[in-house]
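One structure is given here, and the rest of the page talks about it.
On a predicted model such as this, the values are computed, not experimentally measured, just so you know. Excluded from the calculations below are hydrogen atoms, water molecules and symmetry mates; all remaining heavy atoms, backbone and side chain alike, are included. Below, read A as the first sequence line, B as the second, and so on, with proteins coming before strands; counting in each chain starts at 1.
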Number of protein chains: 2
Amino acid sequence: MPNIYDVAKRARVSVATVSAVLNDSAFVSADLKGRVETAVAALGYQPNLLARSMAKQRTQTLGMIVPDIANPFFPEVVRGAEDTAHAAGYTLLIASSDNDVKKEEIYLRLFLAKRVDGIILTKAPGRLPVVLQDALAKAGVPIVLLARTVPGFTADVVELDDKGAAYEGVTHLLRLGYRRVGFVGGLRGASTSRRRLDGYKAALRDWKIRLDPALVADGDFRVESGYQAGLALLKARPDAVFVANYLMTVGFMEALRQYRLRCPEDVALVTCDDYPWMDSFAPRLTTIDLPKRDLGAAAAQLLVERMARKQGRPRTVKLKNAMRVRESCGCALRGSTAIAR
Amino acid sequence: MPNIYDVAKRARVSVATVSAVLNDSAFVSADLKGRVETAVAALGYQPNLLARSMAKQRTQTLGMIVPDIANPFFPEVVRGAEDTAHAAGYTLLIASSDNDVKKEEIYLRLFLAKRVDGIILTKAPGRLPVVLQDALAKAGVPIVLLARTVPGFTADVVELDDKGAAYEGVTHLLRLGYRRVGFVGGLRGASTSRRRLDGYKAALRDWKIRLDPALVADGDFRVESGYQAGLALLKARPDAVFVANYLMTVGFMEALRQYRLRCPEDVALVTCDDYPWMDSFAPRLTTIDLPKRDLGAAAAQLLVERMARKQGRPRTVKLKNAMRVRESCGCALRGSTAIAR
DNA sequence: CTGAAAGCGCTTACAG
DNA sequence: CTGAAAGCGCTTACAG
């Protein structure tokens, strides 16, 4: 493949001039500019971005680590980040951590070694080692935290309203008259899980209902954990349940089926997270829609701005949820009082 | 950040020696090796992979273009590719083309300019411009085609058994006694769509049923197109339908709902593509499970092998499907004769 | 076994 | 306005 010297030779100019017309970084006379352009076209020259990155110390590449791209929550997030990043001239390097801090650290170091300009991270539960924090800082590579915050590490963050989501969902159930409302929580150690539990507790408190520990189960955001949580929790005879994400709801439904319990007739359900297919299958789930695409877009945007201006105090963007009332909450059974809120 | 010269200075050796111990590329005496290692540790030195890529003319990075990462078919594919690529020492650059050849070409050129070592491509409908084919060839960057083949471009490819999927699904319906079986096809111009239609036709032919054009509708693999196809197709009163992917099924179900038609009682349905949540919601879909993760893994594997051995005739890997019989096909209504096949 | 030096392909002060 | 040259941080023949 031709390089900038080939172009310079053919155009009978220096490589500096070629570079200047390619990047429009200095005034070049119309004559030379024309010669360079024809040489570029004739040779089919494409600048080597690797070399440019070396010289400019910027790669125009962003690293993004998600727990698992195959969890349907994240593709939409990634797409939001991808579009925003691309519009700003960045390409996305992607990796799944499986919520494993070891794997996460490996990818983080790899991204650092590849000299990404910035990183979007949905942190695996656990701290970010200080040595890594130092390495990040020394390299001047900003991180924006997506969805999950990390104790002992301050950075820009884009958050969902996790507490509000659970609060709103549980309140909806309470308003419909359910009194034994269970809760299937997310991965322990994730700030999102903690806050959703907080929202559940706050809702109960506002309705002066004592929390029954038998009605609370932990999961890890995956299908199997929702199933196991369901098996355990259903023994305590809840009349309704709030499940902290979709995949666990899938597992929970399986547990219901196994107990020959119907939703919403026997156990009503509200869950976090919405998908296009939720209107098409029964029970049509009542959900708190988390703005996935906006989440990714906001993270990329924050990162782009941070890379432009390294100083300045960390910023937090908090996104709003929207409840989608369908059937699984039992609205149709219990009258429409709840909708009138 | 420290570079290799800093390490060399501190260890009182040359950079060549540092490089040799780092890459284990030449014998170095225990003494020098030890000095290098302590210097590396003391400085917290991390090799700059960008510089290494420049020198070695290999980036250990792969580019992957999918139509849309937010289409639930692809995240699983990407995950398969990611894991295989990472195991072989490669990182993944990802981009969504929206099935738009212009966008695709932009990303392809970007990947080329970034000097990826190879590319995994699910081609947008349309040819791959000859100039681009030349650029790819000249750069020595191999492509493996994922799921969709491209006329006028030979490369390694990993395929699904698209024709077999439709054939099997439609045959299942025919066997259950349905005689007016409709077909909602995928994006026009994609080889997968063409072959699924072929499978539909072949099944009808084997059962000596004349194809009724009113029972065939085109889609584009997205929800809305399935809905529109449903609205059109349902007027022709099918008793069953095969839908070429999940997202269009979602739209099709919406059309059914609008016509107040039940599935499977009024219209039975079989579709391509399976997801973990299909057991949990009604109607439980009978599907042809396409091995998404294997698809991605096989593509990455093929690419890794191709990068190691640039010569050799193109290879094609064809993956097998598996039918998952549930409720939407109406098995329960029509007896279990079909299952006995 | 070890090191000096060229080379990968750009950008960017700095002269002129 | 234009060009010679250094520099980005590695690897790799090639001497010695």
Checklist entry - Counting just side-chain N and O atoms, does A/S14 come under 4.0 Å of either OP1 or OP2 of D/dA4? => result no
Checklist entry - Is there a side-chain polar atom (N or O) of A/Y5 under 4.0 Å from OP1 or OP2 of C/dG7? => result no
Checklist entry - For the residue pair A/Y90 and A/L62, what are the closest heavy atoms and their distance? => result CD2-CD1, 3.4 Å
Checklist entry - Choosing from D/dG3, D/dT11, C/dC10, which nucleotide comes nearest the side chain of A/T17? => result D/dG3
Next on the checklist: Tell me the closest heavy-atom pair linking B/A124 and B/S97, and the distance in Å.
Outcome noted: CB-OG, 4.4 Å
Checklist entry - What nucleic acid atoms does B/L32 come within less than 4.0 Å of, heavy atoms only: base, sugar-phosphate, or nothing? => result sugar-phosphate
Next on the checklist: Using a 4.0 Å heavy-atom cut-off, does B/S19 contact any base of the nucleic acid, only the sugar-phosphate backbone, or nothing at all?
Outcome noted: base
Next on the checklist: Taking the basic N atoms (NZ, or NE/NH1/NH2) and the acidic carboxylate oxygens, is any pair closer than 4.0 Å for B/D98 and A/R79?
Outcome noted: yes
Item to check | Nearest-neighbour nucleotide for the A/S29 side chain, C/dG3, D/dG9, D/dC1 considered | outcome: D/dC1
Checklist entry - Reckon B/Q57 has a side-chain N or O less than 4.0 Å from the OP1 or OP2 of C/dG7? => result no
Next on the checklist: Quick check on C/dG9: is either OP1 or OP2 less than 4.0 Å from any side-chain nitrogen or oxygen of A/N48?
Outcome noted: no
Checklist entry - Just how far is it from atom CG of A/D68 to atom CG of A/D100, taken to the nearest 0.5 Å? => result 12.5 Å
Item to check | D/dT11 phosphate, OP1 or OP2, under 4.0 Å from B/N23 side-chain N/O | outcome: yes
Checklist outcome for this item: Between B/R35 and B/R115, whichever has its closest DNA chain C nucleotide further toward 5' is B/R35
